[in-house]
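Keep in mind that this is a model prediction, so the values were computed, not measured. Here is the naming used below: chain letters follow the sequence lines, and residue numbers restart at 1 for every chain.
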Amino acid sequence: MAQKTKKRYAMVLDSRKCIDCKACIVACKAENDVPLGVFRNRIIVEKAGEYPKLRMSFDPEQCHHCENPSCVRVCPTGASYQREDGIVLVKYDDCIGCKYCIIACPYDARYHNPETHTVGKCTFCAHRVDHGELPACVETCPSKVRVFGDLNDPKSELHQLLASRRHQVMNPQTGNGPQLYYLL
Amino acid sequence: MREPVWEYLIVNYLFLGGLSAGLFFVSALATWLQEEGRPAFPHIARWGALLAPWPVSLGSFLLIFDLGKPFRFWKLFFTFHWQSPMSIGSWLLVIFTMLTMAYLWAWLEPEERTRLLNFIPTKVRQRIPVKVVKWLEHDLSFWRRELAMAGFPLAVSVGIYTGVLLGAVQARPFWNTNLVAQMFLFSALSTGTATLILVRLFDKKQPVALAEMRFLYTLDICLILIEFFIVLPYLIHGKLSVLAVQDALAQVLGGPFTFTFWVLFLGCGLLTPLLIELYEFKPVLLGQGPLHINPRWAITAAGLVILGGYVLRYVFVFAGQASGFR
Ligand code: SF4
Ligand code: SF4
């Protein structure tokens, strides 16, 4: 067996393949019981130009599972935390609902859950990942925009994509070290 | 624009926390300054001591009810996260509030203390251990100065904390500068001073003395000037900063908060009271005799300072949340 290294989960997004069908949003809602009116993922739509010279881009976004998550830093109770494998989660039982983390997230990835009055966000479907499955959005995406995997595993598709394709992260100037990689 | 998740309760909380810090600071200063071995301005000191604990207590109460899970607030006090301003702040507020209570107790006359203790039902009072009762009856007034000294750093920290709570959030360019903490601190001290001006003017039993007004005016003029010279570089720096900060500032420079910021805060809440107070103070500055005390002007100036302090927090809480990296 290969030497065991620490896992570091991340996601690669090939946005050019995205057709804005929103299947990922629906899949996430169903998988994670996300209440009405709030979302864990979204598609950022940008239009430029005038018909017929028109350009449109669709960029799926959710929590970036930052390397230095500012949401975790400001949490006064320790409810927000980062796992060894990089996934950033909320311990719902410890969350007092102060919403400081919502404000401190530069990617606006968190929401106040109107039913439980705690904070919610994308979990990379940690409950599925821990069983060796893929996050629901990844599994659902019909045009295979999303690739989920371990950055530290050289054999993973994610690792190979990042090694061979040009990519960027969103707003690196936030200093958070976001871990959603967008292929160019 | 993003939906704000912190709203008026937070504005009130930041304002009230700062107000207490200001009240305590001025009162402590008035206690600390001595004349012939006695506090130089006992009436100011006493009023400050009587008032200081309440705004911050009310503010903390509001904050707790702004939580999604108010009944979990105790979780704040079973951990300490030194990187979280809110965690540091909660501890700070508790210690500060306790100290303001002790300070208040020290400023009460013995009869007042007994009267207060008599409010406790006899049954309960009988249960209180003798030691505690003795301790409560102890004359703390000798400790006024010591308590005041101990409270200085706490009051200043609370004033700073209300700004750091916002300033330490790097995701919000409108807040993320080291000037916000100072701005909030000096605004807090100024609102405290203004409140004491109001209280002293309305105190019919011990009419305000000229020396007291001179003390309060001097203090307030200094504080407003410092605040002004923090707001100015805040705007200039922001304008010369990176795009995200410029975009954030655009909200007060032509955006939705322009009127509130320039007219209500800077015009009415900062410069107008400064001009009024300077006008009242002019004879002293020019060596032409004692300052005027025109109660109407003084009350207007003090009221405007308090309004300005509130508006400042309003603008920062809302404009800050609307700012971001895109
Ligand atoms: S994107 Fe926001 S919520 Fe997610 S880890 Fe980064 S700072 Fe935290
Ligand atoms: S809302 Fe919950 S998770 Fe977020 S900072 Fe407050 S306690 Fe932490």
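Under 4.0 Å is where a charged nitrogen must lie from a carboxylate oxygen, and between Asp150(A) and Lys6(A) no such pair does. Look at Asp93(A) and Lys91(A) and you find no salt bridge, because none of the NZ, NE, NH1 or NH2 atoms lies under 4.0 Å from a carboxylate O. In summary, Arg128(A) and Glu139(A) engage in a salt bridge, as defined by a charged side-chain N under 4.0 Å from a carboxylate O.
With a 4.5 Å cut-off on non-hydrogen atoms, Leu165(B) touches chain A through its backbone and its side chain both. Only the backbone of Cys75(A) comes within contact range of chain B, with heavy atoms under 4.5 Å apart. Both the backbone and the side chain of Ser87(B) come within less than 4.5 Å of a heavy atom of chain A. For a residue to count as touching a neighbouring chain, one of its non-hydrogen atoms must lie under 4.5 Å from one of that chain's; by this rule Asp94(A) touches chain B with backbone and side chain alike. Interface remark: Tyr111(A) contributes no atoms to any contact with chain B (heavy atom separation under 4.5 Å). Looking at Asp108(A), both its backbone and its side chain come within 4.5 Å of chain B, counting heavy atoms on both sides. Looking at Trp82(B), neither its backbone nor its side chain comes within 4.5 Å of chain A, counting heavy atoms on both sides.
Contact tally against chain B (heavy-atom pairs below 4.5 Å) for Thr77(A), Val74(A), Val72(A): the top residue is Thr77(A). Between chain A and the options Val169(B), Thr79(B), Val242(B), Leu67(B), heavy-atom pairs under 4.5 Å are most frequent for Leu67(B). Of the listed residues Gly175(A), Ala79(A), Cys95(A), the one with more heavy-atom pairs under 4.5 angstrom with chain B than any other is Cys95(A). Options Phe80(B), Phe325(B), Trp6(B), Phe73(B) differ in how many heavy-atom pairs under 4.5 Å they form with chain A, and the most are formed by Trp6(B).
At most 12 non-hydrogen atoms from other residues, nucleotides or ligands lie less than 6.0 angstrom from NE2 of His237(B). Under a cut-off of 6.0 angstrom, the local environment of CG in Leu36(A) is sparse, with at most 12 non-hydrogen atoms contributed by other residues, nucleotides or ligands.
Ser27(B) and Tyr103(B) form a side-chain donor-acceptor contact under 3.5 Å, judged by distance and modelled atom types alone. A side-chain N or O of His127(A) and one of Glu31(A) form a donor-acceptor pair less than 3.5 Å apart.
Inter-residue side-chain proximity for Leu9(B) and Glu7(B) is flagged as unmet; no heavy-atom pair is nearer than 4.5 Å.
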